[in-house]
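Order of listing sets the numbers, starting from 1, for every ligand and every atom in it.
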Amino acid sequence: MLAPVRSGLLGGTFDPPHIAHLLAGEGAYRQLALDRVIFMPAGLPWQKADRVVSSAQHRWTMTKLATDQIDYFVADDREVHRDGWTYTIDTLATFDLADEIVLILGADAARGLPSWERSTDVLARVDLAVVPRPGVAVDEVEQAVGKARWLDVPALPISGTMIRQRTAVGLGARFMVSEDVYAYIEEQSLYRNDDGRRKTKDGSRKL
Ligand code: ATP
Ligand code: MG
């Protein structure tokens, strides 16, 4: 029998994937003795977007670009190509039960975990690792998920929202994202004329 794989799972909108995501993945890989870190862009009801090019496609391409050079980072498309909202608990069910999964969450995401679909089942299936994020206190997270395993990663005041807003006003995202992702954002003119906020109620972004 094959030895069980110990994977970190880092999910997100990844709009775009940025250096705080990469640092979280790196911290988890080194500090938790993982075999690999899976970067999984979330599925959104992108089919409802009224343009041909889907945001899901861009987010997937950027996630590939951000992780391609690192052999222990893997981009996984099992959520992004699914229609509609996807629940973490359903995604977890697609992994082999023998595989260990460490769910890597930024502090804001960890704080919100109790509102997730079947959150107790999620917590029963995975180990949790939390990455500090500016503006979110340790207490708030631990009230939500109990005593947490905190990764030693610098808390960076960087977000997808900030990058979209800065790009929209011409400040650019260079060095906040990998060079390949930066080149892709420029080449595709992503986030131009964008106020950085979600455009539609269902959470999809029209690019
Ligand atoms: P947005 O502003 O669009 O929400 P984001 O920067 O929060 O973008 P997401 O794709 O929403 O990025 O987040 C994916 C995961 O990465 C979440 O668990 C989130 O908490 C974590 N994360 C994102 N940015 C940071 C950061 N600067 N520090 C710590 N964790 C982060
Ligand atoms: Mg976010």
Response to the item:
Min over Arg164, Arg133, His21 of heavy-atom distance to atom 19 (C) of ligand 1 lands on Arg133
Per-atom contacts of ligand 1 with [X], taking only distances under 4.0 Å to non-hydrogen atoms:
X: Thr161; value: 1 (P), 2 (O), 3 (O)
X: Leu105; value: 18 (O)
X: Gly12; value: 10 (O), 14 (C)
X: Asp108; value: 19 (C), 20 (O)
X: Ala20; value: 25 (C), 26 (C), 27 (N)

Looking at ligand 1, does any of its N/O atoms fall within less than 3.5 Å of an N/O of [X]?
X: Val131; answer: no
X: Ile158; answer: yes
X: Thr13; answer: yes
X: Gly11; answer: no
X: Leu10; answer: no
X: Pro134; answer: no

Worksheet item: Who are the ring pair (Phe, Tyr, Trp, His ring centres under 6.0 Å) partners of Tyr29, not counting sequence neighbours?
Response: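 With neighbours one apart ignored, the set is Tyr72.
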Worksheet entry | Residues Arg133, Asp108; criterion salt bridge (Lys or Arg N to Asp or Glu O under 4.0 Å); working and verdict | CA-CA 7 Å; Arg133 190 160 195 181; Asp108 60 311; 3.2 Å; yes
Item to complete: Quick one: look at Pro132 and ligand 1, take heavy-atom pairs under 4.0 Å, and tell me if it's side chain, backbone, both or neither.
Response: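 It is the backbone that gets close, since no side chain atom is under 4.0 Å.
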Worksheet entry | Within reach of ligand 1, part of Ser159 (heavy-atom separation under 4.0 Å) |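 Both parts.
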Discussion item. So that I know where these two stand, are Phe39 and His21 an aromatic pair - ring centroids less than 6.0 Å apart?
Written reply: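 Ring centroids of Phe39 and His21 are no less than 6.0 Å from each other.
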Worksheet item: By side chain to side chain donor-acceptor pair (under 3.5 Å), which residues pair with Glu179, not counting sequence neighbours?
Response: Arg174
Discussion item. Is the shortest side-chain heavy-atom distance between Val102 and Leu34 below 4.5 Å?
Written reply: yes
Worksheet entry | Met162 to ligand 1, any heavy atom closer than 4.0 Å |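 No, Met162 has no heavy atom closer than 4.0 Å to ligand 1.
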